[in-house]
Structure formats: structure tokens, C-alpha cells
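Down below is the structure, laid out as C-alpha cells.
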2 protein chains.
Amino acid sequence: MVADADVAAVVGDDPPSSRVPLSTAIVVMAAVDHIEERGLPELTMRRLGQVLGVEAMSLYRHVSGREELLDAVVDHIVGEMDDDDDVVTGPTDGWQDFLQRLAHGVRRVALAHPRCFPLIASRPPEAPWLRPPLRCVRWVELFLQGLLADGFSDEAAVEAYRAFTSFLLGHLLLEVAAHGADVGLLDVLEAGSAPEGPDGGGLAGFPAVSRLRHLLTEDHAVAEFEVALETLLDRLAGLRSG
Amino acid sequence: MVADADVAAVVGDDPPSSRVPLSTAIVVMAAVDHIEERGLPELTMRRLGQVLGVEAMSLYRHVSGREELLDAVVDHIVGEMDDDDDVVTGPTDGWQDFLQRLAHGVRRVALAHPRCFPLIASRPPEAPWLRPPLRCVRWVELFLQGLLADGFSDEAAVEAYRAFTSFLLGHLLLEVAAHGADVGLLDVLEAGSAPEGPDGGGLAGFPAVSRLRHLLTEDHAVAEFEVALETLLDRLAGLRSG
DNA sequence: ACCTGAACACCGTTCAAGT
DNA sequence: ACCTGAACACCGTTCAAGT
């Protein structure tokens, strides 16, 4: 969006020398915007070049290929969390407050980039021997130091890292998938399969789903995130003292 | 693997009329095997045809396109769980036993197809208005009926469904990602970045990660799955009575 | 009935050539 | 220094034609 605006502002006037020069950052940001607006499969070197008013081949000056571009997209998004004081500040009011801030920070960027976020889980990890193989060793370091500094043993800190990671991944993937289904599949929802239809869109054989449709459709994401996070923190507290 | 063997067995002899005729099932199974062996990006209509001893265009007799083939792959894998009595049998010894069987059944097929499993999370959902948008309404039905039959209120059953789903997704995605990193990225691990190197593969700035490397590398997946599942079930028990 | 050849539009990527 | 044209190998997909 920022990149689009930059380019558009210049495309109006004509002086060719005032054309905003490409840079890695501009290419990556344009890729993020393009994925959010059109979806990952639509992100093509040629189309991205077109958006930037340039031939596809010019992009190779700034990124070394499509795969590397996707890695850079993930790094960019992860980088946004580093600009978030809530995320990057270690434990000052105890580890529970620390993990609360961390979790909400991650959730914020996941919701800000619902169609890019799944890339974080699907790109090959930075450190393959690290389990679970999440990206960005820096986070792992931050996490572990935070917990170690507040009374966790080595083993408890590592186990807490794993539990926290899988909780965030599962919850946020489902949450952004729900968002993506909203924005990306509206054209698939023809009238006959609308949720308010008398048969609920071909749910003839599924009485429970059909009857509880209203509950299943409701979005309690925030509240559920809070209570699940609270429960997780209680479990981690057990890890810490036990 | 099954499909490969079928074809190979016939390629030896020559009578052209005994050539195993293609079928949707054979194409889908070959696709599953190909993804497991070579990874998703390597799955190409042309290459899959080659594996089956046929031109790519012939595949379109049996599947209507690549996207639909991937959907069929997901359906095939989901279908494997339906053949699992542990999964498909409703609650007979209470809802906790039911969910234990369900969770382990899903985990079993996830580990059996580590490189296909992430497709379940990334394919567009069958019922976009269902949150979370997991595939296969039949499971949701099974899950809800099971819990409703054992004392859960409507609201508690739906909330339990969401908690259970995000738990399974998060845990299993990380677990299969760890497996994928094992088999798929061995070539990326040059000697200098091996975990046993003195600097742990460029971990200079990350003392905690570096020091706890052995703990982070260990695979406690089974044990962690069990304890996390147990904790989740305790939480769901609270939902049920409260 | 089932498979193929040829064709089309579209990819990612390279590199010598332009300005 | 930065971008482009032309080219290459490879996609998914269609369809008339073969057997």
C-alpha cells in the first residue's frame, strides 16, 4: 500500500529521472501488499513488476528470486514485531505479563497480514535442527532469556517455549484462515449455500452442525484467545514451580 | 507407492491391453506419494503423468485440474481417518476417551503424511462460514454429537470444538514441520552450520539458544503431545461442568 | 473409450545489450 | 548504474485428432 502510493504519486508526472528507484525494501513491501490484496498464488514476478511499473527482470537486481522474496516477506513481517515495544521488551512485570505482551503482539501482526501469516509456518525454517522449527532464532532467544530470568529452569523454559509456540500457531492460523475465508471466498458463496438457507447449504446429513450453525458462525476469537492464553499461562506456571 | 508398484509391475511385460487403466483413485494416490517423496512444489501435472507412464493431458480425464487434485489429496488423507475405528467410533467410554482416540487418530495420519498434512490447513475450507474453517463437516458433526451425547451444552461443545481444533493444528503442524526439516533440508545443512559445531551454526549472538541447544534439538513430541492433550481435556472438563 | 500431439498463455530466470 | 528484449525451459490447460 505504501509502495503503491509511492509509485502512483510519481506515475502522474512524467520526468523520467524522478521515477522512484527500486530498492529491496520497496519490492518486499509491494509483495506483502500484493499478497494481502490478491493472495499468494497471484504473486508473480511478472505481475509484481507490473505493479511497480517495471519489467519482471528488473526485480532480480533487488531480490535473488521468488523463493528469496517470500523469505524476505516473512522477515519483513517478523520485523514488524521487533518494532513493537510490547513484544521486544523483556519481562519487567514478571514472565506472565511478558508472555501476554508477546502473544498479543504476535496476534496483532498476524491479523494485520492474514494472508501472509501462513507463510511463517510454511517456509523452510531458519534453523532446521531447532524444534519446533519456527523462524527467527532471535525470538527464541528473547523468549528463553525472559523465562530463565524469571525463575524457569532450562528444561521448563524449553518446554514452555514449545507449548507457547504451538498454541500461538494453531490459534492464529485458524483465526487468519477464518478471515481469509471471509475476504477470499465471497465469490464462491452462491445463494444456495448461504448459511441462512433453510438447509444451511447442504447440511442435510449433519444435524448437530446444522442446529448449532449460529454458534459455529459466531466470531469469539478475541475472548477465546484470552481464555486459552490464560489457561496456557496457568499450565506454564505449573512447569515453573514443578 | 502403491500406485508406483502397480504401474511398474505392468511396465515389465508388454501387452498393451494389460496396462493398468488410470482411475481417479490411482491418480490421487500417486499424487500423495509424489508429494511425500519430492515435496509439494515438485508435484506437477506433467511429472505426475510421467510417474504414471502417461502424458500429462491424460490426467485430465480423471481429475479436473491441479487445484482439484490437491483437494482430492486432502480428501484422501481425511478419508484414511474414517477407516480408523479409533477415530470413527463415537464415545463409548466417555467423552475424554473419545477425544483421546480422535486426537491420536489425527496425529497418526498427520505423521503418516507429514508433507501432505499442511495442505489440510491451507486449502480453502469446505464451509467458509464455519469457524474455524477446517475441512470436512463430517468430523465437526462427529465431534459435536459425541460431546453433546455426553453432557456438554451446545455452547460448551462448540467452544470445545474450537479449542480442540486449534490445539491439534498447532501441535501437529509443528511436529510434521520438524519431520519435514529432517528429511527435506539435509542438503542445506552444510558442515559449518551443523548443531555440533563449536558456534552452533552462527549462534554467536544468541547465548540462551546456544546453551540450550541440546534441549531444543531433542524430540519429545510424543510426551509433549500427551501432556498437552491431557491439560486440554482438563480444561474442557471445566467447560462441561461450568 | 481412452490417450496423444500440437498449441496457447503464462511462469521463473539468465544474460547480452541498451541508456 | 540501472533497466530491458529476447530467449530458454518449464508450467497448466484445451481440443481436435488418433487408435
Side-chain angles (χ1 to χ4, degrees), chain A residues 3 6-8 10-11 13-32 34-35 37-74 119 122-124, chain B residues 3 6-8 10-11 13-32 34-35 37-74 119 122-124:
Chain A
D6 285 355
V7 172
V10 175
V11 160
D13 344 354
D14 234 4
S17 64
S18 80
R19 161 102 140 267
V20 170
L22 246 38
S23 69
T24 303
I26 287 183
V27 172
V28 172
M29 284 164 57
V32 169
H34 202 262
I35 293 174
E37 283 161 21
R38 314 262 180 208
L40 182 58
E42 299 288 309
L43 180 71
T44 260
M45 298 300 276
R46 292 174 134 104
R47 269 201 276 256
L48 185 57
Q50 204 169 311
V51 163
L52 289 169
V54 114
E55 301 296 314
M57 312 83 197
S58 308
L59 301 177
Y60 288 84
R61 289 269 138 200
H62 306 98
V63 296
S64 50
R66 185 176 192 265
E67 291 299 297
E68 288 73 17
L69 176 57
L70 293 182
D71 285 337
V73 164
V74 170
L119 274 178
S122 59
R123 293 270 86 198
Chain B
D6 286 353
V7 172
V10 176
V11 161
D13 342 355
D14 233 4
S17 65
S18 80
R19 159 101 140 269
V20 170
L22 247 38
S23 69
T24 304
I26 287 182
V27 171
V28 172
M29 285 165 56
V32 170
H34 202 263
I35 293 173
E37 283 160 22
R38 314 261 178 207
L40 182 58
E42 299 289 309
L43 180 71
T44 259
M45 298 301 275
R46 291 174 135 104
R47 270 201 275 256
L48 185 58
Q50 205 170 310
V51 163
L52 289 169
V54 112
E55 301 295 317
M57 311 83 197
S58 307
L59 301 177
Y60 288 85
R61 289 271 138 197
H62 306 98
V63 296
S64 50
R66 187 176 190 264
E67 291 299 297
E68 289 72 16
L69 176 57
L70 293 182
D71 284 338
V73 164
V74 170
L119 275 178
S122 59
R123 292 271 86 197

Nucleotide paired to dC10(C) in any strand shown, Watson-Crick or G-U, under 3.5 Å: none
With a 3.5 angstrom cut-off on both distances, give the Watson-Crick or G-U wobble partner of dG5(C), or none if there isn't one. dC15(D)
When you check every protein heavy atom under 4.0 Å of nucleotides 6-19 of chain D, what one-letter string (B, S, -) results, 5' to 3'? BB---BBBB-----
With a 3.5 Å distance limit and no angle check, can you tell me whether Arg66(B) reaches the backbone of Leu43(B) through a side-chain donor-acceptor pair? yes
Donor-acceptor contact below 3.5 Å, side chain Arg47(A) vs main chain Glu42(A): yes
Is there a side chain to side chain contact (heavy atoms under 4.5 Å, CB included) between Leu22(B) and Leu59(B)? Walk through the geometry before answering. CA-CA 8 Å; Leu22(B) 247 38; Leu59(B) 301 177; 4.2 Å; yes
Rounding to an integer number of Å, can you tell me how far Glu55(A) CD sits from dC2(D) P? 18 Å
Nearest heavy-atom contact between His62(A) and Thr24(A) is O-OG1, 3.1 Å
Check the pair Val54(A), Leu48(A) against side chain to side chain contact (heavy atoms under 4.5 Å, CB included), reporting the backbone distance first and the verdict last. CA-CA 9 Å; Val54(A) 114; Leu48(A) 185 57; over 6 Å; no
